[in-house]
2 protein chains.
Amino acid sequence: MADQIESELLRGSMDLMVLSVLAQSPKYGYLLQKALSDNSQQQIKLSAGTMYPLLHRLEEAGLVSSRWDESTRRRRKWYELTAKGRKKLIKQAELWQQYANCINRLLTEIKLVIPTPATQG
Amino acid sequence: MADQIESELLRGSMDLMVLSVLAQSPKYGYLLQKALSDNSQQQIKLSAGTMYPLLHRLEEAGLVSSRWDESTRRRRKWYELTAKGRKKLIKQAELWQQYANCINRLLTEIKLVIPTPATQG
DNA sequence: ACCAATATATCGATTGCCGATACATAAGTC
DNA sequence: GACTTATGTATCGGCAATCGATATATTGGT
C-alpha cells in the first residue's frame, strides 16, 4: 500500500507525534517505534538515531520523565508524559490543526484537494 | 487572533506551500511573501532569508523557472512553475494528505485518552 | 533630509533528521 | 556449536532547512 512518508514533510512534527503516542500510555523506546509504526499503518518510521536524541530532548525540556526497568530480562527505559508534557501536547495539537487547515486551504484553492469539512479543534 | 505558526511545525513543507502559491499565478519573491501571508490569514510568514534560498533550490531542481523584469521601476525576478514543478506539486500534495491523515488519526485517538480531568480519581 | 516600503541576496548559527556504528542480550535455526 | 534475527539503548558525523542579521539599492511620502 502506501509508502513510508518522506522525511521532508516529517521535519518539525516528530515531537508532536511522539508526545501523542506517549499520551496513550507510557512506553520505552523500542515499543514507541512499533506503536508509531502501527498507528500510522506503517507509514511513519521513527529511526533509533532520531528517536533517542528526541526523547532525551523531551526529557531535558521536562515534557517526559523516564525510569529504568531492570526487573525484566532486557533493561528498558520507560517514558511517560509529565503534566507539562500534556499541556504542551494540547497546545501543539491545536497549532497543528491551524497549520493543517492553512495548507489544506492553499491546496484546495489550486484544486488539488477535495475540500473536507474543517477539522474541529 | 491566531498567532504566527511556529517554525518547528513548518519545517519541511515550505516547498509545498511555495509551489502551491506559485501554482495560482507566477510571482516574484516579495509578492510571494505577501501572497502566502494573505492566503494564510497572516499565520505563515516566509522570511527573505528562507525564501530566496528556497526559490534558488526550486529553480536548481527545475521545478520553477525565473525571468528578470527590468521594464518596471524596480527590478523583479518572476518565478513560475515548470511542468516538472506541477507534477511535483501534485505528488507532494498527495503525500501531504497522507501525512496529515496520519497525524489527525493520532490526535483523534488521544482525545479518547485525554477527556476532561474531572473524572480522574 | 529623513524614513518606511519595496526588492533581492548572502552568511553564519542553530537545529533536526538519519544512516552508520557500537554494544549487549535473547530466541530461533541449521 | 555456529549463525542469524529480533530486541534494546545510545552516540556520532554529515546533510540540509530555517532564520536573524546584514548588505545593497530604489521609490514614495512627509
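Order of the sequence lines sets the chain letters (A, B, ...), proteins ahead of strands, with each chain counted from 1.
Side-chain nitrogen and oxygen atoms of A:Lys34 include at least one within less than 4.0 Å of the OP1 or OP2 phosphate oxygen of D:dT7. For A:Lys45, no side-chain nitrogen or oxygen approaches OP1 or OP2 of C:dC18 to under 4.0 Å.
B:Met14 comes within contact range of the sugar-phosphate backbone alone, with a heavy-atom separation under 4.0 Å but no base atom that close. Heavy atoms of A:Gly49 sit under 4.0 angstrom from at least one base atom.
You'll find that the side chain of A:Tyr28 is closest to D:dT9, out of C:dT10, C:dT6, D:dT9. Looking at the side chain of A:Arg11, the nearest of the listed nucleotides D:dA16, D:dT9, D:dC19 is D:dA16. Checking C:dC17, D:dC19, C:dA9 against every side-chain atom of B:Ala48, the shortest atom distance belongs to C:dA9. Taking every side-chain heavy atom of B:Ser47 into account, D:dC19 is the closest of C:dG16, C:dC18, D:dC19.
Pairing each heavy atom of A:Lys27 with each of A:Val21, the nearest pair is NZ-O, 3.2 Å. Considering every non-hydrogen atom in both B:Gly62 and B:Thr82, the closest pair reads O-OG1, 2.7 Å. Scanning both residues, B:Ala48 and B:Pro53, for their nearest heavy atoms gives O-CD, 3.8 Å.
With rounding to whole Å, A:Met51 atom CE is found 12 Å from D:dT11 atom P. Atom OH in B:Tyr52 sits about 17 Å away from atom P in D:dT24, given to the nearest Å. Put simply, CG on A:Leu16 is 15 Å from P on C:dG16, counting in whole angstrom units. Atom CG of A:Leu36 and atom C1' of C:dC17 are 14 Å apart (whole Å). Atom CD of A:Gln33 and atom P of D:dA10 are 12 Å apart (whole Å).
Within residues 54-78 of chain A, the residues approached by DNA chain C to less than 4.0 Å at the level of any non-hydrogen atom are A:Arg57, A:Arg73, A:Arg74, in residue-number order.
Interatomic distance, A:Lys88 NZ to A:Leu81 CG, rounded to the nearest 0.5 Å: 12.5 Å.
For residues 44-55 of chain A, the side chain to side chain donor-acceptor pair (under 3.5 Å) pairs, not counting sequence neighbours, are A:Ser37-A:Lys45, A:Ser47-A:Thr50.
Hydrophobic cluster membership of A:Leu31, counting Ile, Leu, Val, Met, Phe, Trp and Tyr whose side-chain heavy atoms lie under 4.5 Å apart directly or via other members: A:Tyr28, A:Tyr30, A:Trp78.
The side-chain heavy atoms of A:Leu107 and B:Trp96, taken from C-beta on, include a pair separated by under 4.5 Å.
The nearest heavy atom of DNA chain C to B:Tyr30 and to B:Thr50 marks one nucleotide each, and the one closer to the 5' end goes with B:Tyr30.
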